[in-house]
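Only one structure is covered here, and it is reproduced in the block below.
Quick note on labels: first sequence line is chain A, next is B, and so on, each numbered from 1. All heavy atoms count here, side chains included; hydrogens, waters and symmetry mates do not. The structure displayed is predicted, hence computed values, not measured ones.
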Number of protein chains: 2
Amino acid sequence: MASKTRRNERRTDALSKERIVETAVEILDTEGEGALTFRALAARLATGPGAIYWHVANKNDLLAAATDEVIGRVMTEVVGSAEPQRAIRAVALGVFDAIDAHPWVGAQLSGPAGQSAILEIFEGLGKQLRALDVPQRAHFGAASALLNYILGVAGQNAANARMNPHLTDRSDFLDSVATRWEQLDPARYPFVNQVAAQLRDHDDREQFLAGIDLILAGIGTLH
Amino acid sequence: MASKTRRNERRTDALSKERIVETAVEILDTEGEGALTFRALAARLATGPGAIYWHVANKNDLLAAATDEVIGRVMTEVVGSAEPQRAIRAVALGVFDAIDAHPWVGAQLSGPAGQSAILEIFEGLGKQLRALDVPQRAHFGAASALLNYILGVAGQNAANARMNPHLTDRSDFLDSVATRWEQLDPARYPFVNQVAAQLRDHDDREQFLAGIDLILAGIGTLH
DNA sequence: ACCTGAACACCGTTCAAGT
DNA sequence: ACCTGAACACCGTTCAAGT
C-alpha cells in the first residue's frame with residue numbers, strides 16, 4: 001500500500017488495474033461494447049495490449065471489474081437506510097438508472113462477468129428483507145424473485161439499447177416497436193396487438209417500479 | 001412450395017435453413033455455445049462456410065432461428081388451455097425446462113437473438129391474463145413483470161451453466177456456491193451468509209415456481 | 001516487477017469463381 | 001439459384017525480449 005502510493009507520486013501515468021478499468025468504462029460509455037478491445041484500450045493507455053494482461057487476467061475479468069465499479073457505486077450511494085420497502089425500491093431504481101446511464105452494464109449483469117456485481121445487489125436487497133415482516137424461510141426466495149426480476153429488466157434494456165443504438169430518444173424507440181406490434185397478425189398475437197398502445201405511452205421507469213411493487217405485494221402475502 | 005418439395009425428393013442432403021438450424025441446435029446441445037462456428041457447422045453439413053450465408057443472414061440470425069425453434073416447440077406444447085393461473089405456470093415451467101435441457105437458450109433469451117422468442121413467450125403469458133380478473137390497464141405491466149422475471153432466471157441459469165460446464169450434478173454445484181457464500185465476510189455480506197444454507201438445499205425449479213406465484217399473488221391484489 | 005509488440009490461433013463475413 | 005473455399009479484417013491471448 002505504501003509502495004503503491006510512492007509509485008503514484010513518481011509516475012502518474014503508471015499502469016494500474018484501477019486506471020485500466022477506468023479507461024475501459026470510458027470506452028464502453030462513449031463508444032459502446034463493440035469498441036472495447038485490448039488494442040483500443042492499449043492505444044488509449046499508450047501501451048501495448050500485452051501490458052494489460054499484467055494487471056487483468058482476461059477480458060471477462062476486465063468487464064467484471066468495470067461492472068463492479070458501476071454497481072458498487074450505486075450500492076454505496078443507496079445505503080440511506082430508510083424504511084425497508086423504500087430501501088428496496090431505491091436499490092432497484094439505482095440499478096435501473098445505472099443501466100440507463102451505462103447500457104453495457106445491463107448486458108454484463110445478464111452474463112458471466114456480472115456474477116460478483118449480482119451478489120452485491122442480492123445482498124442489498126436481502127438485507128432489507130430482514131427488516132421486513134417476512135418469515136425467515138421465505139427470505140431467500142423473496143430476494144431471488146426481486147433479483148431475477150431486476151436482472152430480466154436489465155437484460156431487456158441492454159438488448160434494446162444494443163439493437164437500436166441510434167434511437168436515443170425513448171419515445172421514438174417505443175413508437176417504432178409499438179408500430180411493429182400493431183402490424184403483427186392479430187389472430188396469432190391477440191395480446192401483443194392489444195397492448196401495443198400501452199407500450200407506446202408507458203414509462204419504462206415507472207413500470208419497472210410497478211413490477212417491484214407487484215413482487216413486494218406478493219411478498220406481503222407471505223405470513 | 002411445390003418446387004421445394006420436388007427438390008427435397010431429388011436431393012435429401014440439400015442445404016436448407018431448416019437443416020442448418022437443426023444442425024446448429026445439435027452442436028449447441030452437445031458441444032456448447034463455444035463450439036458453434038460457421039466452420040464447424042459447415043464441416044458437419046459437408047460444405048463450405050459461405051454456403052450457409054445463402055440461407056442465413058448472419059450468426060445472430062442463426063442463433064435467433066435456433067432459439068425460436070426450441071421456444072416455439074415449448075409454446076405449442078403448452079397450449080392445453082386450463083385455468084389461466086395454471087396456464088401461466090405451464091408457460092413459465094416450459095421455458096424453464098427448455099433452458100434446463102438447452103442451456104444456450106437461456107443466454108440467447110437475454111441477448112439480441114432472443115427477441116422474437118421473447119415475443120412468443122410474452123404473448124403466451126398475456127393471453128392468459130385476459131382470462132384473469134385483472135383490469136385491462138394492468139395487463140401490460142403484469143405480463144411484463146412475469147416475462148422479466150422469467151428472463152432473469154433464464155439468464156442466471158445460463159450464466160451458471162456457462163461457468164460450471166463440468167458440474168452437471170445440480171447439488172454439487174449448489175454446494176460449491178453455498179460454501180463460497182459461507183466464506184464471505186459476514187460483516188459485509190450478512191444476508192448472503194444467512195441464506196447460504198437455504199441455497200444449498202433449495203430446489204431451483206420449485207423456487208422458480210414460487211417466484212411466479214409471488215408475482216401472481218401481487219397481480220391478484222390489483223382490482 | 002513491469003512493459004513492449006510481434007506472432008499465434010481463431011473468429012465472422014465476403015466474394016470471385018464455379019455448377 | 002445455389003455452392004465452394006480462399007481471402008479479408010479483426011479478435012483475445014501468449015510470450016520472448018526488453019527495461
Side-chain contact check for A:L15: nearest option of C:dC3, C:dC11, D:dG12 is C:dC3

Testing D:dT13, D:dC3, C:dC11 for proximity to the side chain of B:R39, the answer is C:dC11

Which part of the nucleic acid, if any, lies within contact of B:L36, taking any heavy atom under 4.0 Å across all strands shown: a base, the sugar-phosphate backbone alone, or nothing?
-> sugar-phosphate

The nucleotide from D:dT13, D:dA1, D:dA7 with an atom nearest the side chain of A:Y53 is D:dT13

Taken to the nearest whole Å, CG/A:N60 to P/D:dC11 is 18 Å

Rounded to whole Å, the NZ-C1' distance (B:K59 to D:dC10) equals 15 Å

Check your understanding: Would A:F96 and A:F208 count as a close aromatic pair, with their ring centres under 6.0 Å?
Key -> yes

Exercise. Would you call A:E22-A:R44 a salt bridge at under 4.0 Å N-O?
Worked result: no

query: Is it true that the side chains of B:Q194 and B:Y189 contain a donor and an acceptor less than 3.5 Å apart?
result: no

A:A51 has its side chain closest, among C:dG12, D:dC2, C:dC3, to C:dC3

To the nearest angstrom, the CD-C1' distance between A:E33 and D:dC11 comes to 16 Å

message = Assess whether a salt bridge exists between A:R73 and A:D68, defined as any Lys/Arg side-chain N lying under 4.0 Å from an Asp/Glu carboxylate O.
response = no

Fill in: Ion pair check, A:D100 and A:R205, cut-off under 4.0 Å
no

Here the distance between atom P of D:dG5 and atom CZ of B:F38, to the nearest Å, is 17 Å

Rounded to whole Å, the CZ-C1' distance (A:R19 to C:dC2) equals 14 Å

DNA chain D nearest-nucleotide lookup for A:G50 and B:A46: closer to the 5′ end is B:A46

Atom CG of A:N58 and atom P of D:dC11 are separated, to the nearest Å, by 17 Å

Here DNA chain D, pairs taken as Watson-Crick or G-U under 3.5 Å and shown with ( ), [ ] when crossing and | when to another strand, reads ||.|||||...|||||.||

Of the listed D:dG12, C:dG12, D:dA6, the closest approach to the B:P49 side chain comes from D:dA6

B:I27 atom CD1 is separated from C:dC11 atom P, nearest whole Å, by 12 Å

Problem - Ring centres under 6.0 angstrom apart (A:W181, B:F122) - result: yes

Separation of D:dC11 atom P from A:L41 atom CG, nearest Å, is 13 Å

Of A:G48 and B:A57, the one whose closest nucleotide on DNA chain C sits nearer the 5' end is A:G48

Notebook entry, point to check: Is any side-chain N or O of A:W54 closer than 4.0 Å to OP1 or OP2 of C:dC3?
Noted result: no

Query raised in the report: When we call it a touch if two heavy atoms are under 4.0 Å apart, what does B:L62 touch: a base, just sugar-phosphate, or nothing?
Result: nothing

Under-4.0 Å salt bridge between A:R180 and A:D175: no

With no hydrogens and no angle check, just 3.5 Å: does a side-chain donor-acceptor pair link B:R200 and B:T179?
yes

